[in-house]
Amino acid sequence: MGEEVKLFRTWSSRFALRIVWALEIKGIEYEAVFEDLSNKSALLLQYNPVHKKVPILVHNGRPVAESFVILEYIDETWKQTPLLPEDPYERAMARFWAKFGDDKVLTSVWNVFIKQGKEQEEALVAATENLKFLEEEMKGKKFFGGDRIGYVDLALGFLANLISIFEEIIGLKIVDEEKFPSLYSWMQDFAEAPIIRGNWPPRDKMIVKFQSPS
Amino acid sequence: MGEEVKLIGSIQSLFSFRIEWALKLKGVEYEYIKEDVRNKSPLIFKYNPVHKKVPVLVHGGKPLPESLVILEYIDETWKDCPLLPEDPYERAMARFWAKYCDEKIWQAYMAEGEEKEKAMGPALESLAFLEKEIKGKKFFGGEKIGFLDLAVGWIPHWLNVLEEVGSMKLLDAEKFPSLHEWAENFIQIPPVKECIPPREELVSYFHSALIYLRSLSANKP
């Protein structure tokens, strides 16, 4: 089609990873442009003047920012292997759960990671509440998208990697296999899927990154 | 389609109004169930157990929360009077700015002191974008109201209230003349005009909400 697709990303950005997965799932050829956020390129600032962040998808010279906005753009532009379901209600629920993942789950898991003592205990309670909703949603399904990976899986996918890294660093279980059997099983299945497995950031590098105070 | 549509909303929730406008624009019949967000009924807990907030759209018994998610659902279910543009890139832009405006102006309203100074920047930036976007057009959707009009449609009536309560000036008619004109046009359209709530009620509500929200924020990381 003679299309030019570029993805501005960093090696560790979980938001950019979503886009990598989406592009690979759909078999879209793209050029990855790695950014150093401590030294942002002129192009990044030009393409995302509002947030000055990654990911940015640039399609034939036109930039799109914000990972969920990009995912929807990709799904609407390249119709093969749809990410969102067809039914309007299921599409709406997919968008809802993706947003919940970012707004609530990510924040609460992060709090468990960074806090200590009593605050950490409270954070764990909050995280557990949020994870329970996901556990419920996951029951009876292999992926949130059903038989294959879909929009919500991509949105929550970083959990399958980041949570075990957090757990290792702080020595505390966040997603207990007994408490969250469906979620735990999803985390294994998701991480094992070829496209996903081939694209995780290096684990040791991640551990170093999150261990150092920043 | 013949399935029952209910909207659980509240006069205190500016997000509820977006949904009413969308339903009215598309000529969808619905039953409005009024909630008081300070005294939530069991319905809210039943239909939105995750966030326990309004608005919630219930279509054929199936509940759907989150106003921007609901707007897209409405657009996909009732095809009359499309809200989002057809072109994927323009859709992406509408979604991006709707999300951004929601976040930034709200943050400015909630912030205090030094934080407020910082928050004003992005809030003004979003108004500047809207100003640029609306130039030469009657509505963001063109001749007719679209997704972004509904998403930022709270600006004409509510922003003024938030400015007063949040001690900030954002929508300056001199700085943002096109936006100001859009705001005047927007409140006049029938679906919007029909459900504008009384200003004093909004001022009183947002005043107490601000105190509550700031206290919640103080406990966040």
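Numbers restart at 1 for each chain; the letters A, B, ... are given by sequence-line order, proteins then strands.
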Side chain, backbone, both or neither: which part of [X] has a heavy atom under 4.5 Å from chain B?
| X | value |
| --- | --- |
| A:Phe133 | side chain |
| A:Ala123 | neither |
| A:His51 | side chain |
| A:Arg91 | side chain |

*With chain B, which of A:Tyr89, A:Phe68, A:Phe100 has the greatest number of heavy-atom pairs at distances under 4.5 Å?*
A:Tyr89
*Assign the ring pair A:Phe190 / A:Phe143 to parallel, tilted or perpendicular, where the plane angle (0 to 90°) is split at 30° and 60°.*
perpendicular
*Can you say whether B:Phe129 sits under 4.5 Å from chain A via the side chain, the backbone, both, or neither, judging by heavy atoms?*
neither
_How close do B:Leu7 and B:Glu20 get, counting heavy atoms only, and between which atoms?_
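What the structure gives for the nearest pair is CD2-CG, 3.5 Å.
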*State which residue, out of A:Trp186, A:Tyr151, A:Trp97, fulfils the ring-ring contact (aromatic ring centres under 6.0 Å, His included) condition with A:Phe144.*
A:Trp186
*Only one of A:Asp153, A:Asp102, A:Asp75 clears salt bridge (charged side-chain N to carboxylate O under 4.0 Å, His left out) with A:Arg18; which?*
A:Asp102
*Step through the shown structure and confirm whether more than 12 heavy atoms of other residues, nucleotides or ligands are within 6.0 Å of CG on A:Asp147.*
no
